Amino acid sequence: MSAPAASPGERIRKESVPFLRVHHLSKTFGGQRALDGASLRLEAGEVHALLGQNGCGKSTLIKILAGVYTPDPGFRIDIEGTELDGSLRAIGHAHFRFVHQDLGLIGSMSAAENLEINARRPRLWLSQRALQSRASNVLREHGVELDVTRPVQELSRAQQSLIAIVRAIADLPPGRGMLVLDEPTASLPPAEVSHLLDALRALRAKGLAILYVTHRMEEVFDISQRITILRDGRTVMESRTDETDDAGVTAAILGAQEHARLVGKPAQVSRPDDSAAAVPSNGPPALSVGGLRGGRVNDVGFDLARGEILGLTGLVGSGYDEALACVFGMTSRQAGRVEVYGEALKGDHCRNAVQAGVGYVPSDRDRLATIPDWTLAENLTLARIPTRRLALDRRFERRSTLEWLRRLEVVPLDPKRKIVELSGGNRQRVVLGRWLRRGCRVLLLDEPTIGVDVAGKDRIYTLLRDAADRGVGIVVASSDHTELLEICDRIVVFREGKIATTLDPGAGVTHEQLFRECSGLPADGDQAGDSNPGRG
């Protein structure tokens, strides 16, 4: 895929001072560099794609621009040629605006009322009629037409995104400012993506600078004029979009040497005729899912063999990251069946899954999987509380906790220590150990090593392999492709809420192929000379 040629005016690089110039931006967390001398140049009136794998530093850079983090000394940020205050207290006056994946809208409130939330203007009492009139005018100024009296939960996802965008930029001077969009189309159905991109083209034409964070390669070549790629906290590529193609971008994201090393023989790819990813039968599967619907998950099915580690992956918003919560019952299932060892789960409450021998480790362990003020013993034994004669057996609780803390290699080896005081890797092992201690037959893990260091990851992988060797069926939903290729027997790729592809790592799957499958790109060599007309 390559971008179409730009117009003569677009091809002439602006000699004027850019809207934003970032120099030597670094950020260290606990001895680890999240950003390492990164740079960025953003012109007024352009859509600039910021790309890179998870953990490359994109989120850290955005949080620095938003004033959430203070960078390490030695950086410089210029706004229209003027250096920004070193403390970043001037962010609000620099006309930076941000729209995150969580749009921050209140579903039960009308579009007009949502537009007034965090409005940067004097608070005056307005009648509903005046409020709605002002909202309609503001939206119309930005080319958006919708019924401002309707609750936003009744609007399409694209309309909700446009409300959040207009709210963010409504107070900006005409033709000035920067809008940062973090995966703006992640939750949009395909039919609504073009609507949003058209609105962004109109904003760009008015002079707004747009920093566009995405993993979707087709959108990069459709909407952006320039590209910056981060890898390991460093800026490794800055290019005009029409001067590169998806092969060059993929190589920069993965790294030239890594890309050359990882490009190997093509893997055997199974594209199922229906929604189910088949697995060779060895008696009743540990887990069987069919026709699953809920959230972004749309008619998904797969079988998990006993002792198998099955990976789920895809782009943000593809549904892979919601499937396991839906299976377990943490989120409601609209339709579908879930069977454990041939027995159907009755209802979609997580209690039923636990009773059937299913354990679930969510990605947000601190909010959903641990009780911060409780001890290691209390958190570890939560799924099966040690009792004697219907009363808590403290002696057995301590003995059992010590045994499992040693097995899990948790540091410190102190059952009375509060779990909030442990590192991310140690907390994750405690949560995983909770379900292993219960003797679960099926484990569902969402992003099991997020925020975990290398040594911690290795220990978690060992625990998972040991559990699989004992016959436990394990499903790992992860955005870390290296992790999936290392530990999984099969990898299921989601696109637009459905299973698109099933890959066999043992058949020679490469990082590049997995990246392309998630992005929906054709296999290397299948798209020579292709272009994507209509880029704005």
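Predicted model only: the values in this text are computed from it and were never measured.
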Closest non-hydrogen atom pair between [X] and [Y], with its separation:
X: Ile165; Y: Val99; value: CA-CG2, 4.0 Å
X: Thr60; Y: Ala34; value: OG1-CB, 3.7 Å
X: Gly433; Y: Leu380; value: C-CD1, 3.7 Å
X: Val300; Y: Gly497; value: CG2-O, 3.4 Å
X: Leu35; Y: Gly57; value: CD2-O, 3.6 Å
X: Leu155; Y: Gln159; value: CB-OE1, 3.5 Å

Mind checking the [atom1]-[atom2] spacing from [X] to [Y]? Nearest 0.5 Å is all I need.
X: Leu445; Y: Ile474; atom1: CG; atom2: CD1; answer: 6.5 Å
X: Cys56; Y: Leu50; atom1: SG; atom2: CG; answer: 7.0 Å
X: Leu443; Y: Leu436; atom1: CG; atom2: CG; answer: 5.5 Å
X: Leu463; Y: Arg429; atom1: CG; atom2: CZ; answer: 7.5 Å
X: Glu113; Y: Ser108; atom1: CD; atom2: OG; answer: 8.5 Å
X: Thr381; Y: Phe396; atom1: OG1; atom2: CZ; answer: 9.5 Å

Side chains of [X] and [Y]: closer than 4.5 Å at any heavy-atom pair?
X: Val152; Y: Ile106; answer: no
X: Leu432; Y: Leu464; answer: yes
X: Leu413; Y: Leu402; answer: yes
X: Ile309; Y: Tyr461; answer: no
X: Gln428; Y: Pro448; answer: yes
X: Val361; Y: Arg365; answer: no
X: Val340; Y: Arg441; answer: yes
X: Val289; Y: Glu339; answer: no

Checking side-chain polar atoms at under 3.5 Å, does [X] have a donor or acceptor matched by the opposite partner on [Y]?
X: Ser400; Y: Arg437; answer: yes
X: Thr28; Y: Arg33; answer: yes
X: Thr250; Y: Glu512; answer: no
X: His24; Y: Ser39; answer: no
X: Thr331; Y: Glu322; answer: no
X: Thr449; Y: Glu483; answer: yes

**Request:** Output all residues satisfying side chain to side chain contact (heavy atoms under 4.5 Å, CB included) with Ala477, sequence neighbours left out; order by chain, then residue number.
**Result:**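 Here the qualifying residues are Leu312, Tyr320, Leu324, Asp446.
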**Request:** Would you please name every residue forming a side chain to side chain contact (heavy atoms under 4.5 Å, CB included) with Cys518, sequence neighbours left out?
**Result:** Thr313, Leu315, His481, Val493, Leu514
Does [X] reach the main-chain N or O of [Y] with its side chain, forming a donor-acceptor pair under 3.5 Å?
X: Trp435; Y: Tyr360; answer: yes
X: Ser478; Y: Asp480; answer: yes
X: Glu447; Y: Ser479; answer: yes
X: Arg434; Y: Asn379; answer: yes
X: Lys58; Y: Gly52; answer: yes
X: Asn426; Y: Leu422; answer: no
X: Ser26; Y: Gly37; answer: yes

So with a 6.0 Å cut-off around [atom1] of [X], is the heavy-atom count from everything else above 12?
X: Arg398; atom1: CZ; answer: no
X: Arg234; atom1: CZ; answer: no
X: Glu154; atom1: CD; answer: yes

**Asked** Centre of Phe494's six-membered ring, under 6.0 Å away, within 45 degrees of the axis: is that where NZ or CZ of Lys498 sits?
**Response** no
**Request:** For Arg406 and Trp404, run side-chain contact (heavy atoms from CB on, under 4.5 Å): C-alpha distance rounded to whole Å, both residues' side-chain angles, the deciding distance at 0.1 Å, then the answer.
**Result:** CA-CA 5 Å; Arg406 291 190 183 97; Trp404 276 95; over 6 Å; no
**Request:** Dump the intermediate steps for salt bridge (Lys or Arg N to Asp or Glu O under 4.0 Å) on Arg490 and Glu308, then the final yes or no.
**Result:** CA-CA 8 Å; Arg490 291 181 300 141; Glu308 180 185 25; 2.5 Å; yes
**Request:** Applying salt bridge (Lys or Arg N to Asp or Glu O under 4.0 Å), run through Arg465 and Glu486 and close with a yes or a no.
**Result:** CA-CA 11 Å; Arg465 292 190 188 100; Glu486 180 173 345; 3.4 Å; yes
**Request:** Apply salt bridge (Lys or Arg N to Asp or Glu O under 4.0 Å) to the pair Glu421 and Lys418, showing each step before the final yes or no.
**Result:** CA-CA 6 Å; Glu421 300 173 3; Lys418 289 185 176 181; over 6 Å; no
**Request:** Any chance you could lay out the side-chain contact (heavy atoms from CB on, under 4.5 Å) test for Gln513 and Glu517, step after step, and finish with the verdict?
**Result:** CA-CA 6 Å; Gln513 183 181 6; Glu517 293 290 353; 4.1 Å; yes
**Residues Thr375, Ile419; criterion side-chain contact (heavy atoms from CB on, under 4.5 Å); working and verdict** = CA-CA 6 Å; Thr375 66; Ile419 195 168; over 6 Å; no
**Item:** Residue of the set Val22, Leu40, Leu211, Leu61 for which side chain to side chain contact (heavy atoms under 4.5 Å, CB included) holds with Thr228
**Value:** Leu40
**Item:** Residues Leu310, Val476; criterion side-chain contact (heavy atoms from CB on, under 4.5 Å); working and verdict
**Value:** CA-CA 6 Å; Leu310 176 68; Val476 175; over 6 Å; no
